[in-house]
Amino acid sequence: MDKKHIEKEETKTPMNFIEQIVNEDLNTGKHQSIITRFPPEPNGFLHIGHTKAICINFGITERFGGKTNLRFDDTNPEKESTEYVNAIIRDMKWLGFDWGGQELYASDYFGTLYKYAIQLIKDGLAYVDDSSSEEMAEQKGNLTQAGSNSPYRERSVEENLDLFKRMKTGEFENGSKVLRAKIDMSHPNLLMRDPVIYRVKKAHHHRTGDEWNIYPMYDFAHGQSDSIENITHSLCSLEFENHRPLYNWFIEKLGIYPSRQIEFSRMNVTYMITSKRRLLKLVAEGVVSGWDDPRMPTVSGLRRKGYSPKSIRTFCDKAGVSKREQTVDIGLLEECLRQDLNKTTNRIMAVLKPLKVIITNYPEGQVEQMDIVNNPEEENPTYRKIPFSKELFIEQSDFMEEAPNRKYRRLAPGKIVRLKSGYIIECEDYIKDEATGEIKEVHCKYFENSRSGSDTSGLKPKGTLGWVSAAHAVKAEARLYDRLFNDPTPTQHKDRDFMEFINPNSLEILPEILVEPSVVDLKAGDQVQFMRIGYFCVDEDSTPEKLVFNRAVTLKDTWAKVQRNSK
RNA sequence: AGCUUAGUCGUCUAAAGGCAAGGAUGCUGGAUUUUGGCUCCGGCGGUAUAGGUUCGAGUCCUAUCUAAGCUGCCA
């Protein structure tokens with residue numbers, strides 16, 4: 001291939017192998033514009049694995065122009081429902097994708113698909129088979145042995161036509177007859193051994209109601225739907241590689257628009273599982289509170305936990321596209337969230353595990369309003385006020401009776417620290433419950449001339465702490481989420497069940513944290529950074545009396561790492 | 001065992017036969033810091049194995065090894 005053909009696209013961003021194919025098809029004039037599709041079956045909720053397929057399909061047309069259809073692959077009425085359709089639409093809109101407003105359905109094409117089947121029968125390429133599923137399995141052969149022909153394989157076109165029409169009108173019971181493509185029972189690819197393309201299924205369909213007694217199989221619906229929609233590139237996961245010869249066989253025999261199927265590897269993420277069956281078990285057994293539990297890998301779970309659409313899309317982009325098995329480090333997902341939220345969230349003063357600090361030389365009853373920056377990453381930073389007073393709370397972990405080493409920058413007797421956007425204080429004394437060892441109270445003096453923004457003290461404290469004013473702080477609940485599993489690949493162990501790897505500490509509830517008073521204006525879904533702690537999202541369980549904050553991800557914690565490594 | 005596909009830093013990914021195999025994340029050292037965050041600078045770390053083609057191979061060929069998918073009237 002001549003190298004200059006690549007250059008149509010301006011950007012230097014490297015292309016993945018699918019984008020390279022698309023780019024070439026555009027440059028060679030094979031296609032004038034691109035149409036892709038995302039084809040979920042409405043029988044479950046979207047999860048992190050689906051977002052990759054979504055991002056690839058929509059990403060292609062965002063980059064090269066064209067459009068991406070949202071098409072529901074609803075050919076199995078027993079498993080599908082409008083509830084899932086609506087949930088999928090909601091999640092995809094939240095992720096920020098646009099499919100032109102109108103959802104498409106494979107069920108819209110049932111009439112056309114039926115005609116295609118008739119066409120195959122007339123061309124002698126399909127036949128009605130009365131064999132039971134057991135008999136068909138028998139005929140199928142196995143991985144190393146060729147199959148054998150069904151005794152019904154040589155029925156006449158007329159008989160097949162008659163039988164198939166009667167299947168449609170409901171004359172035959174479920175399982176009694178199927179329509180099979182007549183291909184080759186000794187084909188090395190098992191899917192080519194006369195696959196079933198229509199089955200009798202007297203079931204109520206969420207869109208077509210009771211109109212149909214027969215429904216097409218995936219292989220006789222998906223590719224044809226692609227053709228009907230003039231999909232140029234039909235992108236799917238590796239498991240459909242074996243289906244491609246069949247996909248192309250139908251295109252050829254039916255003489256329909258030749259969409260091209262290209263497969264890529266599914267995305268796995270460490271410490272997450274995406275099997276529908278297993279996720280259902282977590283819900284059913286109450287391991288999590290529901291499909292939108294913040295520990296779930298579902299889009300709704302990620303959303304509730306505090307993930308932004310942008311962070312999820314960035315994650316999929318960074319994970320990349322290839323045909324290799326892919327297990328992406330969950331750390332990358334978390335880092336994408338931090339990078340997004342770092343730019344967008346206000347810094348809020350919060351104390352998770354409070355320790356009382358009394359400023360001994362601060363006037364009783366005095367309250368000062370301190371200026372604090374909302375988000376230092378903003379181009380033009382804005383400020384708000386927070387109250388400072390004689391009695392404060394700091395984080396328990398910010399005080400030690402004795403500094404452990406020279407690197408320690410927090411509070412300890414005789415040490416000074418800066419209270420963020422407040423004053424510099426020096427620890428003079430503390431009260432300890434000798435029985436329990438618990439520190440009850442810390443006594444400090446403040447330097448009156450060290451007020452943030454007008455500091456003339458000349459003091460250079462090493463550390464800066466978060467704090468809240470005792471009299472003004474708002475009580476709230478914090479839900480600290482951690483990974484649901486304590487093994488990176490809980491389903492990859494040959495002789496151990498994934499349930500054995502559930503992390504018993506995946507949720508720690510702190511019923512009474514203290515937060516600066518400005519948070520009373522927050523609403524469910526709002527995201528903030530608790531300074532020096534992490535990114536939090538207001539949960540829908542919040543009430544006017546008590547906000548509930550979900551921890552989406554912690555801040556990076558170099559100090560924790562230093563401590564871990566020194567052990 | 002047959003068919004299909006894939007093996008590049010720990011992980012993800014780039015290199016279309018041609019520069020010292022690049023980037024991200026991770027780990028690590030440092031600078032800066034009123035967040036032990038952010039930012040900035042440095043370091044660590046890779047072509048599964050064995051042959052072959054070629055002036056030149058991660059890339060092409062052969063064999064081997066390893067991994068995944070395929071024997072639903074699921075998608």
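Numbered from 1 within each chain, the chains take letters A, B, ... in sequence-line order.
If you measure from atom CD1 of I183(A) to atom C1' of U71(B), you get 16 Å, rounded to the nearest angstrom. In this structure, D74(A) places its CG atom 12 Å from C1' of A75(B), rounding to the nearest Å. Atom-to-atom, CZ of F72(A) to C1' of A75(B) comes out at 14 Å; the value is rounded to the nearest Å.
For the pair K323(A) and F264(A), the NZ or CZ position fails the cation-pi test of under 6.0 Å to the six-membered ring centre and within 45 degrees of the ring normal.
Residue contacts for S265(A): at a heavy-atom cut-off of 4.0 Å it reaches no nucleic acid atom on any strand shown. Contact annotation for S131(A): base contact, defined as any heavy-atom pair under 4.0 Å involving a base atom.
Remark: the S234(A) side chain and the R260(A) side chain contain no N/O donor-acceptor pair separated by less than 3.5 Å.
Residue W559(A) and nucleotide G36(B) are classified as a stacked aromatic pair, their ring centres being separated by less than 5.5 Å at an interplanar angle below 30°.
At C74(B), one or more side-chain N or O atoms of K201(A) fall inside 4.0 Å of OP1 or OP2 (strictly under the cut-off). At the phosphate of U28(B), OP1 or OP2 sits under 4.0 Å from a side-chain N or O atom of K561(A). Within the 4.0 Å cut-off from OP1 or OP2 of A16(B), not a single side-chain nitrogen or oxygen of Q20(A) is found. Within the 4.0 Å cut-off from OP1 or OP2 of C38(B), not a single side-chain nitrogen or oxygen of K343(A) is found. In terms of phosphate contacts, S133(A) brings no side-chain nitrogen or oxygen within less than 4.0 Å of OP1 or OP2 of G72(B).
Salt-bridge annotation for E229(A) and R71(A): present, with a side-chain N of the basic residue lying under 4.0 Å from a carboxylate O of the acidic one. Using a 4.0 Å cut-off between a side-chain N of Lys or Arg and a carboxylate O of Asp or Glu, D557(A) and R532(A) do not qualify as a salt bridge. In summary, E19(A) and R63(A) engage in a salt bridge, as defined by a charged side-chain N under 4.0 Å from a carboxylate O.
You won't find any donor-acceptor pair under 3.5 Å spanning the side chain of Q326(A) and the base of U13(B), going by distance alone. For U35(B), the base has no donor-acceptor partner in the side chain of R532(A) [N/O atoms by modelled type, under 3.5 angstrom]. Contact of S452(A) with U34(B) (side chain to base): a donor-acceptor pair of N or O atoms is detected under 3.5 Å. Between the side chain of R410(A) and the base of G36(B) there is at least one donor-acceptor pair of N/O atoms closer than 3.5 Å.
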For nucleotides 66-69 of chain B, list the nitrogen or oxygen atoms of the protein found under 3.5 Å from its nitrogen or oxygen atoms, one pair per line.
residue	atom	partner	partner atom	Å
A67(B)	O2'	E325(A)	OE2	2.9
A68(B)	O4'	E325(A)	OE2	2.7
G69(B)	N2	N242(A)	OD1	3.3
G69(B)	N2	N242(A)	ND2	3.2

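Atom CG of L459(A) is separated from atom CZ of F447(A) by 5.0 Å, given to the nearest 0.5 angstrom.
Applying the side-chain hydrogen bond (donor to acceptor under 3.5 Å, both in side chains) criterion to N160(A), with sequence neighbours excluded, gives no partner residue.
When each of F17(A) and V178(A) is assigned the nucleotide of RNA chain B bearing its nearest heavy atom, the one mapping closer to the 5' terminus is F17(A).
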